[in-house]
Number of protein chains: 2
Amino acid sequence: MRADAVRNRRRLLDAAAAEFAEHGMEVSIARIAARAGIGKGTVFRHFATKEQLMAAILSDQLDALVARGEELVESAGPGEAVLDFMAAGVRLRSFCVALTAEMREELQVRAASERLAAVAESLTARARRAGAVRGDVTGHDVLLLINAVVQAVAPLGDAAPELWRRYLGLVFDGLRPEAAHPLPVPAPRSLAPD
Amino acid sequence: MRADAVRNRRRLLDAAAAEFAEHGMEVSIARIAARAGIGKGTVFRHFATKEQLMAAILSDQLDALVARGEELVESAGPGEAVLDFMAAGVRLRSFCVALTAEMREELQVRAASERLAAVAESLTARARRAGAVRGDVTGHDVLLLINAVVQAVAPLGDAAPELWRRYLGLVFDGLRPEAAHPLPVPAPRSLAPD
DNA sequence: ACCTGAACACCGTTCAAGT
DNA sequence: ACCTGAACACCGTTCAAGT
């Protein structure tokens with residue numbers, strides 16, 4: 001790879017990450033290219049499609065959550081570990097974008113999702129064994145509920161930046177053994193729609 | 001209003017409702033106009049913008065949920081009433097579209113949302129008094145949690161059509177008094193982002 | 001009054017022409 | 001090799017011309 005190509009790729013990724021964080025994933029390629037100081041055409045030389053550009057950024061962030069999860073597997077409280085993991089997932093809002101149907105078809109995102117599913121299951125299994133969460137809850141449940149909490153507060157937007165803590169608390173209370181009532185449907189065996 | 005205008009409006013609303021239900025809200029106006037058998041321009045004569053067209057359909061559906069809620073206020077079990085209300089909300093998936101920031105600016109949707117908030121609070125207050133849900137839960141919480149459940153299963157799409165029942169069960173268990181732990185943030189006083 | 005399709009501005013994506 | 005901006009197909013929206 002030529003030197004200018006390496007530099008442009010770096011600039012592109014940085015600009016795209018910043019724009020996605022500031023304005024969501026509907027920012028135009030033109031804006032990103034301008035911020036990166038490159039031509040629109042160059043964007044498509046590095047990433048065949050806008051979604052693949054997003055996937056590159058997203059899978060990095062998902063792996064950051066995987067790393068956090070792996071730390072927590074060795075932490076003291078099994079129940080608190082699950083709660084902390086969920087909180088980290090909610091804070092990293094880009095998470096829910098990854099769970100979108102189209103996005104998961106990008107191979108990078110798919111791989112990151114599988115690593116995420118593995119660590120989520122480790123954390124949840126440990127908490128189940130410790131009696132910190134009910135016996136019928138799985139790692140997939142935990143991931144989908146992170147998504148649920150993110151979306152619960154989405155309508156309020158930036159008007160209530162800490163509100164997610166309320167719904168994380170509420171949802172987590174539903175995971176505790178004390179209030180457990182039988183669930184009508186089993187947990188999904190995979191997060192992929194196929 | 002002229003006779004053909006009345007007829008075209010009816011056809012437009014029917015076609016749009018069908019297309020939105022089948023293909024989500026990203027269907028093109030061209031498609032809707034074709035299905036309705038009218039020109040694209042005619043769509044914008046009836047509704048100034050695509051969002052206003054959606055708002056017309058949406059507010060009707062929200063009012064259907066309001067009606068269901070009003071029935072349930074007089075039903076036997078206060079706890080079951082809240083659960084049934086939430087289930088009705090989840091089934092009517094268009095609900096979460098309404099909670100989107102841009103959509104709520106449409107006046108019709110805003111009005112329907114307020115009616116919805118009122119009936120949700122009636123149901124929740126009754127369940128609180130009966131001890132069927134914890135004391136710190138409000139009608140706004142219930143509405144946001146409907147949204148959460150809808151979005152929790154969204155990633156799986158049509159692959160698991162009954163999965164929402166699992167997460168509604170899990171979330172509702174979090175509303176029960178048995179597992180209640182103090183929540184770190186108070187409930188929102190309004191669903192509007194202002 | 002109302003309908004219509006051509007026209008406009010904007011998007012993601014492609015590609016011929018440059019270095 | 002890689003970069004670039006003009007060009008393309010598609011969108012939501014506007015509007016002059018029709019009835």
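Protein chains get the first letters and strands the later ones, always in sequence-line order, with residue 1 at the start of each. Note: hydrogens, waters and symmetry copies are ignored here, and every other heavy atom, side chains too, is used.
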> Any Lys/Arg nitrogen of B:Arg31 or B:Glu26 sitting under 4.0 Å from an Asp/Glu carboxylate oxygen of the other?
Replying inline: no
message: Salt bridge or not between B:Arg104 and B:Glu114? Use side-chain N to carboxylate O under 4.0 Å.
response: no
Whole angstrom is fine here: how far is it from [atom1] in [X] over to [atom2] in [N]?
X       : N      : atom1 : atom2 : value
B:Arg9  : C:dC3  : CZ    : P     : 11 Å
A:Glu51 : C:dT13 : CD    : C1'   : 13 Å
B:Glu19 : D:dC11 : CD    : P     : 12 Å
A:Ile32 : C:dG12 : CD1   : C1'   : 11 Å
B:Arg10 : C:dC3  : CZ    : C1'   : 19 Å
B:Arg11 : C:dC2  : CZ    : P     : 16 Å
B:Phe44 : C:dC2  : CZ    : P     : 18 Å
A:Ile38 : D:dA1  : CD1   : P     : 20 Å

Query raised in the report: With both distances under 3.5 Å as the test, what is the Watson-Crick or G-U wobble partner of D:dT19?
Result: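 In the structure as shown, D:dT19 has C:dA1 as its Watson-Crick or wobble partner.
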In Watson-Crick or G-U wobble terms, with both distances under 3.5 Å, the base opposite D:dA9 is none
A:Asp63 side chain vs A:Ala112 backbone, donor-acceptor pair below 3.5 Å | no
For the pair B:Arg115 (side chain) and B:Ala67 (backbone), establish whether a donor and an acceptor sit closer than 3.5 Å, ignoring hydrogens and angles.
no
Proximal nucleotide (of [options]) relative to the [X] side chain:
X       : options              : result
B:Arg2  : C:dC2, C:dG12, D:dC2 : C:dC2
A:Met1  : C:dA7, D:dC2, C:dG12 : D:dC2
B:Ala5  : C:dG12, C:dC3, D:dC3 : C:dC3
B:Ser28 : D:dG12, D:dC3, C:dT4 : D:dG12
B:Arg45 : C:dC2, D:dC11, D:dC2 : C:dC2

Please check the phosphate of [N] (OP1 and OP2 only) for any side-chain N or O of [X] closer than 4.0 Å.
X       : N      : answer
B:Lys40 : C:dG5  : no
B:Asn8  : C:dC3  : yes
B:His46 : C:dC3  : yes
B:Thr49 : D:dT13 : yes

Less than 4.5 Å apart, any side-chain heavy atom of B:Phe85 and any of B:Leu116?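 Yes, side chains in contact.
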Heavy-atom nearest nucleotide on DNA chain D taken for B:Gly41 and for B:Val27; more 5' hit belongs to B:Val27
